[in-house]
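Side chains are part of it too, since the values below use all heavy atoms of this structure and drop only hydrogens, waters and symmetry mates. Chain A is the first sequence line, chain B the second, and so forth, proteins listed ahead of strands; every chain is numbered from 1.
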Number of protein chains: 2
Amino acid sequence: MITSTVENYVKQIYLQQQEDPTSLLPMGKLASAMKVVPGTATAMVKTLSDSGLVDYEPRGGIRLTHGGEQLALHVLRRHRILELFLVDVLGLDWSEVHEEAETLEHAVSDKVLERMDKLLNHPQVDPHGDPIPTAKGQIRKVRLIPLSEFAPDTAAEIARVADQDPAFLQFAEKNGLIPGVGLSLLGRDVHADSVTVRLENDVTVTLGGKAAEKILVRAATE
Amino acid sequence: MITSTVENYVKQIYLQQQEDPTSLLPMGKLASAMKVVPGTATAMVKTLSDSGLVDYEPRGGIRLTHGGEQLALHVLRRHRILELFLVDVLGLDWSEVHEEAETLEHAVSDKVLERMDKLLNHPQVDPHGDPIPTAKGQIRKVRLIPLSEFAPDTAAEIARVADQDPAFLQFAEKNGLIPGVGLSLLGRDVHADSVTVRLENDVTVTLGGKAAEKILVRAATE
DNA sequence: AATAGAAGTTTGAGGAATCAAAGAAGGGGG
DNA sequence: CCCCCTTCTTTGATTCCTCAAACTTCTATT
């Protein structure tokens, strides 16, 4: 049976793999992402391998099989629709829905999920701008530019805030750094490791490199 | 930690105890209600007893402590609000929400639950007419009369359908036997073990004793 | 009262997921 | 080229929940 632990591992493998899609995911990365000791990850990966969800090369690393990726996308779909549902229907704050969805994603049936999807009008992205895979397991991969690498003097719009830490999200919200908001790059200071932008409401915000990496933008579509 | 298994046992003990509130609940009843072998129930009850959730008399039976009852009511509240939410907000059929809620009741946080409660306008009963305990763990106990014992020639209203089997609920729905519907007793045939009622839409329905026991009514409040 | 049968408890074992700690593999610096 | 350090795997143990089956207690019936 697919336990919620298995779902979590597979989801995490998928997310980690996105960071570096070319090479095999090392055990250590997975173990620390799952917050377990390395031995636990090894044991679990063996059962995932036996279930045909990952390809496992001992001491080499792992990679999701097609089946594993489909499962990961299925879990991710549940997670992201739930996040949006919690924000749009139940009025929770976008900074707190990640944790809630983390539990619920293993408990909602497909039937309930599709009702939510319908109620939300088949959304494409969750409250943080993360794309929602389709029920058939397809995900739109859009090339977004981190604010830290964004070219000056171009109009852009925030597409995604790539961090689920409530504290960071609250900071982002307070400063108007929310998906859909337009902005333009005022300046970048390499030595100060900082980026300054002007938002559509004319407020200017300066971010350090770490924070600027997490704000992903796309060229504005007027 | 309170696992969902513990929550299920405590909930089930509460429900079973309602059937016969005066005496201790025998192990066998609990075991069959939980669909486990008797030995499993014994083992589990010991840990419930160690956690102070039940009083356990070996070979005598069990009874919830105050703490156990509070936990049971908390779980029941989650279950019933979820059922109503699934019907009223997501449009699921009342015959199928019990199963859905059975899983979700262990995954939903208090925060999310109270949002649902608010959205539903602090309901008193779930779609089947079962009372919803308050957040403080209080439950309104109303004396309802089974159709099988109902006095003739009195106007009444269906208050509750006490069965969660989807098949029975679908039957009830098809025949208009839904909480809130008014009816009057046309006749009872002791030898045929049957009861005939006329519903408010003038349809008459005849039920056997087993079914009539599950339809609970209250004197009509005009 | 003796005893058969029902009801309940105990014991031994197994699967899922975890950790701690010992052991093996592999790669880079001296 | 060898050793050492990092990374990974193995091993042994633990917790939670379950079952099967042996065993005990109680009750009711003759």
Thr40(A) vs dC19(C): side-chain N/O to OP1/OP2 distance below 4.0 Å = yes

OP1 or OP2 of dT9(C) sitting under 4.0 Å from any side-chain N/O of Tyr56(B)?
->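 Looking at the OP1 and OP2 atoms of dT9(C), one of them is under 4.0 Å from a side-chain N or O of Tyr56(B).
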
If you only use heavy atoms from C-beta on, which nucleotide in [options] is closest to the side chain of [X]?
{"X": "Pro58(A)", "options": "dT24(D), dT9(D), dT18(C)", "value": "dT9(D)"}
{"X": "Thr5(A)", "options": "dC19(C), dG23(C), dA17(C)", "value": "dA17(C)"}
{"X": "Met44(A)", "options": "dA17(C), dC19(D), dC19(C)", "value": "dA17(C)"}
{"X": "Arg59(B)", "options": "dG8(C), dC19(D), dC8(D)", "value": "dG8(C)"}
{"X": "Tyr9(B)", "options": "dT25(D), dC8(D), dT18(D)", "value": "dT18(D)"}

Short side-chain donor-acceptor distance under 3.5 Å, Asn8(B) and Thr5(B) |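 No, no side-chain donor-acceptor contact under 3.5 Å.
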
Pair His128(A), Glu83(A): side-chain N/O donor-acceptor within cut-off below 3.5 Å =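 Checked: His128(A)/Glu83(A) side chains pair up, N/O donor to acceptor below 3.5 Å.
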
Which pair of heavy atoms, one from Glu213(B) and one from Pro146(B), lies closest together, and at what distance?
-> O-CB, 3.8 Å

Look at all strands and tell whether [X] reaches a base, only sugar-phosphate, or nothing, counting heavy atoms closer than 4.0 Å.
{"X": "Lys46(B)", "value": "sugar-phosphate"}
{"X": "Thr3(A)", "value": "sugar-phosphate"}
{"X": "Gly28(B)", "value": "sugar-phosphate"}

Please test Val197(A) against Leu147(A) for side-chain contact (heavy atoms from CB on, under 4.5 Å), starting from the C-alpha separation and ending with a verdict.
-> CA-CA 9 Å; Val197(A) 296; Leu147(A) 211 49; 4.0 Å; yes

How many Å lie between [atom1] on [X] and [atom2] on [N], as a whole number?
{"X": "Lys35(B)", "N": "dA20(D)", "atom1": "NZ", "atom2": "P", "result": "16 Å"}
{"X": "Glu57(A)", "N": "dA25(C)", "atom1": "CD", "atom2": "C1'", "result": "15 Å"}
{"X": "Ile2(A)", "N": "dA17(C)", "atom1": "CD1", "atom2": "C1'", "result": "17 Å"}
{"X": "Met34(A)", "N": "dA16(C)", "atom1": "CE", "atom2": "C1'", "result": "14 Å"}
{"X": "Lys29(A)", "N": "dC8(D)", "atom1": "NZ", "atom2": "C1'", "result": "15 Å"}
{"X": "Leu25(A)", "N": "dT7(D)", "atom1": "CG", "atom2": "P", "result": "14 Å"}
{"X": "Ile62(B)", "N": "dT9(C)", "atom1": "CD1", "atom2": "P", "result": "9 Å"}
{"X": "Leu48(A)", "N": "dT9(D)", "atom1": "CG", "atom2": "P", "result": "13 Å"}

Should Gln70(B) and His74(B) be marked as a side chain to side chain donor-acceptor pair (under 3.5 Å) after you check the CA-CA gap, both sets of side-chain angles, and the distance that decides it?
-> CA-CA 6 Å; Gln70(B) 287 303 302; His74(B) 201 81; over 6 Å; no

So which one's nearest nucleotide on DNA chain C is more toward 5', Gly60(B) or Thr47(A)?
-> Gly60(B)

